[in-house]
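Heavy atoms only: backbone and side chains are in, while hydrogens, waters and symmetry mates are out. Because the structure is a prediction, the values reported are computed rather than measured.
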Amino acid sequence: MDASTNAPALTLRRLVGPFRLNRLIVALVLLALAVAPGLLGELTRGLMVDAYVQVSAFVAATLLLFYGAERLFRFDIGQALKNAKGWQVPLAALLGATPGCGGAVVVVAAYSSGNVGFGAVVATLTATMGDAAFLLIATRPDAAIVVLPLSFAVGIISGWVVDAVSGDTMVPDVSEHTELAPLIGRTRIKDYAFLALALPGLVIGVTQLTGIDVFEVFGPAVTVVGLTGTAIGIGVWATSRLKAMTNAKDSPVTRMAEETAFISVWVIGAYLAYDYIVVFTGLDLESSFGAVAPLLPLIAIIIGLIPGCGPQVLVTTLYINGLIPFAALVGNAISNDGDALFPAIALNPKAAIWATLYSTIPALIAAYGFYFFAPGFMN
């Protein structure tokens with residue numbers, strides 16, 4: 001193939017620079033919305049600030065703590081799971097119940113390496129709520145206290161049942177194990193910049209949780225921190241080579257910046273989608289969802305089957321705004337596999353499909369159990 005054939009691709013690459021084209025387009029759209037005049041720009045900027053101090057800062061703190069402890073104590077979770085024997089399923093469920101997708105991804109990787117059984121995969125995918133857990137903890141901690149332990153318990157039971165039924169029929173081919181995410185290799189300036197904004201963002205977020213008006217306490221600093229942190233996060237995401245996960249060999253600061261940025265973009269998208277519909281269309285979402293109330297848990301469970309955390313963050317946003325019942329949230333939390341489903345599909349498609357299908361059974365039981373027997377609970 002001659003150079004002239006590659007000329008358009010090379011020209012495009014020079015124009016895009018370090019950005020991934022599809023992500024650059026999204027970043028430019030968000031920028032345009034934020035600087036738009038009038039109500040559109042004002043609403044967008046306010047929602048970006050809310051997303052940053054209410055969710056992103058807490059995600060950053062949690063991931064930095066988790067990855068920092070892993071690096072500090074040099075703890076090999078995959079080997080620990082292999083040695084756990086009878087405790088393998090409960091430990092896998094515990095990792096899945098940890099907010100975010102990191103714990104579940106670790107279990108999936110351990111399965112592809114032959115360190116854990118299929119029941120552990122089902123347990124972790126059933127227990128995980130993915131990145132939506134961060135949003136729920138930050139905005140409805142009362143609901144999170146119920147959902148996360150419930151998912152954890154259901155995950156353990158599901159894993160044990162699957163191990164008893166499937167036996168050794170779902171043993172992975174360890175010869176096909178591959179690295180889950182590319183190595184970045186160094187902590188970059190943008191990672192430190194993200195951390196520098198996340199710290200004051202966390203202070204503002206914690207203050208807001210106490211019920212204090214943060215604008216009265218911190219003044220314009222709230223907007224400055226929120227928008228600057230959001231801009232850096234979008235920049236990290238738009239220039240990233242990663243899909244969502246990070247390599248365990250990278251520094252805790254880099255992993256925190258990469259994964260928080262990914263989660264933040266989805267949270268911003270969910271926030272904007274909801275408020276734009278309510279403010280600019282005048283659509284009464286509560287009445288619309290109420291018309292199909294019995295189907296809402298089933299719809300939430302089906303959405304949970306979609307790989308990735310974005311759709312699940314949107315479901316949690318709908319619950320937070322009172323548009324879907326707690327039963328639907330529970331069904332989605334149990335059925336969704338978050339970003340952990342991506343490496344599962346890549347490494348062992350058969351196991352990924354079966355694990356996802358298995359999780360729908362307890363999701364249906366739990367969701368409609370709450371819907372019929374505790375309809376007003378946590379609503």
Quick one: closest heavy-atom pair of [X] and [Y], and the distance?
X      : Y      : result
Leu242 : Pro182 : CD2-CG, 3.2 Å
Ala61  : Leu202 : CB-CD2, 3.8 Å
Ser335 : Ala300 : OG-O, 4.1 Å
Pro90  : Phe152 : O-CE1, 3.5 Å
Ala51  : Val267 : CB-CG1, 4.0 Å
Thr317 : Ala270 : OG1-CB, 3.5 Å

Taking [X] for its side chain and [Y] for its backbone only, find out whether a donor-acceptor pair lies under 3.5 Å.
X      : Y      : value
Arg71  : Asp250 : yes
Ser359 : Thr126 : no
Asn332 : Ala328 : no
Asn336 : Gln312 : no
Asp191 : Ala257 : no
Tyr111 : Gly119 : no
Thr230 : Gly226 : yes

Heavy-atom check, side chain of [X] versus side chain of [Y], under 4.5 Å:
X      : Y      : result
Ser264 : Val59  : no
Phe215 : Thr223 : yes
Thr207 : Phe218 : yes
Phe326 : Val147 : yes
Leu364 : Leu298 : yes
Tyr271 : Val55  : yes
Leu33  : Leu40  : yes
Arg241 : Ile184 : yes

Which value, rounded to the nearest 0.5 Å, describes the distance between [X] atom [atom1] and [Y] atom [atom2]?
X      : Y      : atom1 : atom2 : value
Thr356 : Leu125 : OG1   : CG    : 6.0 Å
Leu135 : Arg140 : CG    : CZ    : 11.5 Å
Thr246 : Leu183 : OG1   : CG    : 10.5 Å
Lys249 : Thr254 : NZ    : OG1   : 15.0 Å
Thr128 : Leu95  : OG1   : CG    : 10.0 Å
Asn83  : Gln88  : CG    : CD    : 9.5 Å

Quick one: do [X] and [Y] end up in the same hydrophobic cluster if we chain Ile, Leu, Val, Met, Phe, Trp and Tyr together by side-chain heavy atoms under 4.5 Å apart?
X      : Y      : answer
Leu295 : Ile334 : yes
Leu314 : Trp266 : no
Val89  : Val107 : no
Val161 : Leu94  : no
Ile361 : Ile156 : no

- Query: Please walk me through it: do Val330 and Tyr371 pass side chain to side chain contact (heavy atoms under 4.5 Å, CB included)?
  - Reply: CA-CA 10 Å; Val330 168; Tyr371 185 82; over 6 Å; no
How about CD1 on Ile189, more than 12 heavy atoms from neighbouring residues, nucleotides or ligands closer than 6.0 Å, or not? no
More than 12 non-hydrogen atoms from neighbouring residues, nucleotides or ligands closer than 6.0 Å to CH2 on Trp237, yes or no? yes
Worksheet item: Which class fits the ring pair Phe370 and Phe377: parallel under 30°, tilted 30 to 60°, perpendicular over 60°?
Response: parallel
message: Classify the ring geometry of Tyr358 against Trp354: parallel below 30°, tilted from 30° to 60°, perpendicular beyond 60°.
response: tilted
Run the numbers on Phe58 and Ile137 for side chain to side chain contact (heavy atoms under 4.5 Å, CB included), then give the verdict.
-> CA-CA 9 Å; Phe58 289 94; Ile137 291 170; over 6 Å; no
Using side chain to side chain contact (heavy atoms under 4.5 Å, CB included), reason through Leu81 and Asn115 one step at a time and then give a plain yes or no.
CA-CA 7 Å; Leu81 286 169; Asn115 290 328; 5.6 Å; no
Please walk me through it: do Val214 and Val53 pass side chain to side chain contact (heavy atoms under 4.5 Å, CB included)? CA-CA 10 Å; Val214 292; Val53 300; over 6 Å; no
Exercise. Does a side chain donor of either Tyr276 or Thr44 reach within less than 3.5 Å of an acceptor in the other side chain?
Worked result: yes
